[in-house]
Amino acid sequence: MGLLALLWGSCFLWIELALTGLAPVQIAVVRCALGAAVLLGLALVRRQRLPRDRGTWARLAVAALFCNALPFVLFGIGQQSVDSGVAGVLNATTPLWSLLIGLLLGTERGPTPRRVGGLVLGFAGVLVIFAPWQRHGLASWGALALLGAAASYAVAFAYMGRELVGRGGPVAISAAQLAAATGLSALALPASPPAHLNATAVVAVVVLGVFGTGATFVLNYRIIEDEGATSAATVGYLLPVVSLALGALVLDEPLTPGVVAGMAVVLVGVALTRPARRAAGRDRRPPAEQRAGG
């Protein structure tokens, strides 16, 4: 989970740099294609085969839409007009959406007051970090796009946990999903403005595709399979923490006492949402049985 947060936490930076030469749809297509290429190579090394039945590919298309094609485009659109602070707050609503959707669909297994309290505490910590009441753009179209991306991720996590876990090797399934997302994103290319490539945009989108997309989806599937959709979604709380830490270490950005306090609250909130070891061990049923039991 820590490695996933580190890789995903840098994505806002890479998207911002890629926007200097590429449109949001173009970034989404290249990002998905590079991620798929990395995972296809890894699947060959591990001798994992792509799914062959139409049912699995149909499920992958749904997951690709909500977990890749749609949110990737929405993040690009949102970051054209919204600063990183507001984007971090809105992205961090994914676990709350995930818990709500999981409860409505019956996919969330036994939510406890401790986990619900952790979700609320984590979001409160993000609010302390970014103080959105002091920032502009919270009610803009860009902010709505980012909120839509967060909700889309939550829908995808719930769907993937219910319909895709156990249908093949996680690397091959991730590769197939990103390949499907590439095709879905490419459908919108004719409506995209022409690219104005530069070295910064090219490097940024390559790093975004290889590391921020390809490598992260293996880790994401592993967490969904082991601990459920809401646990996977809680990584969203760590993303602003990672971004702030990288800014302080690499860019020498100041860390105020309020920011440090918010980071501590976020980490405590995420810790509370993690399932207990013994409870997690008892729930390691075969994937088919997990789906049957909701």
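Atom set for the values below is all heavy atoms of this structure, side chains included, hydrogens, waters and symmetry mates excluded.
- Taking every heavy atom of both residues into account, Val25 and Ser185 meet most closely at CG1-O, 3.7 Å.
- Checking side-chain atoms of Ser152 against main-chain N and O of Phe66 turns up a donor-acceptor pair under 3.5 Å.
- Although no hydrogens or angles enter the test, the distance criterion places a donor-acceptor pair under 3.5 Å between the side chain of Asn198 and the main chain of Thr20.
- Following chains of ILVMFWY side-chain contacts shorter than 4.5 Å, one can reach Val207 starting from Leu197, so the two form part of one hydrophobic cluster.
- Using a 4.5 Å cut-off on side-chain heavy atoms (C-beta onward), Phe75 and Leu146 make contact.
- Gln26 places a side-chain N or O within donor-acceptor distance of the main-chain N or O of Pro193, the cut-off being under 3.5 Å.
- Between the Glu163 side chain and the Arg59 main chain, no donor and acceptor come within less than 3.5 Å of each other.
- Side-chain atoms of Leu147 and Trp97, non-hydrogen and from C-beta on, do get closer than 4.5 Å to each other.
- Residue-environment remark: OH (Tyr159) exceeds the threshold of 12 foreign heavy atoms within 6.0 Å.
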Walk me through it: do Leu34 and Thr213 pass the test side-chain contact (heavy atoms from CB on, under 4.5 Å)? CA-CA 8 Å; Leu34 290 175; Thr213 306; over 6 Å; no
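- Listed for the Thr182 side chain is a donor-acceptor partner under 3.5 Å among the backbone atoms of Ala33.
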Working note: Leu70 + Leu184, criterion side-chain contact (heavy atoms from CB on, under 4.5 Å); need CA distance, chi angles, decisive distance, verdict. CA-CA 9 Å; Leu70 181 59; Leu184 291 173; over 6 Å; no
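- For the pair Gly148 and Leu74, the tightest heavy-atom approach, listed with the atom from each and the gap, is C-CD1, 3.8 Å.
- In this structure, the side chain of Gln79 engages the main chain of Phe12 through a donor-acceptor pair within 3.5 Å.
- Hydrophobic clustering, with ILVMFWY side chains joined whenever heavy atoms are under 4.5 angstrom apart, groups Leu178 together with Leu42.
- Separation of atoms SG (Cys67) and CD (Gln177) is listed at 5.0 Å; rounding is to 0.5 Å.
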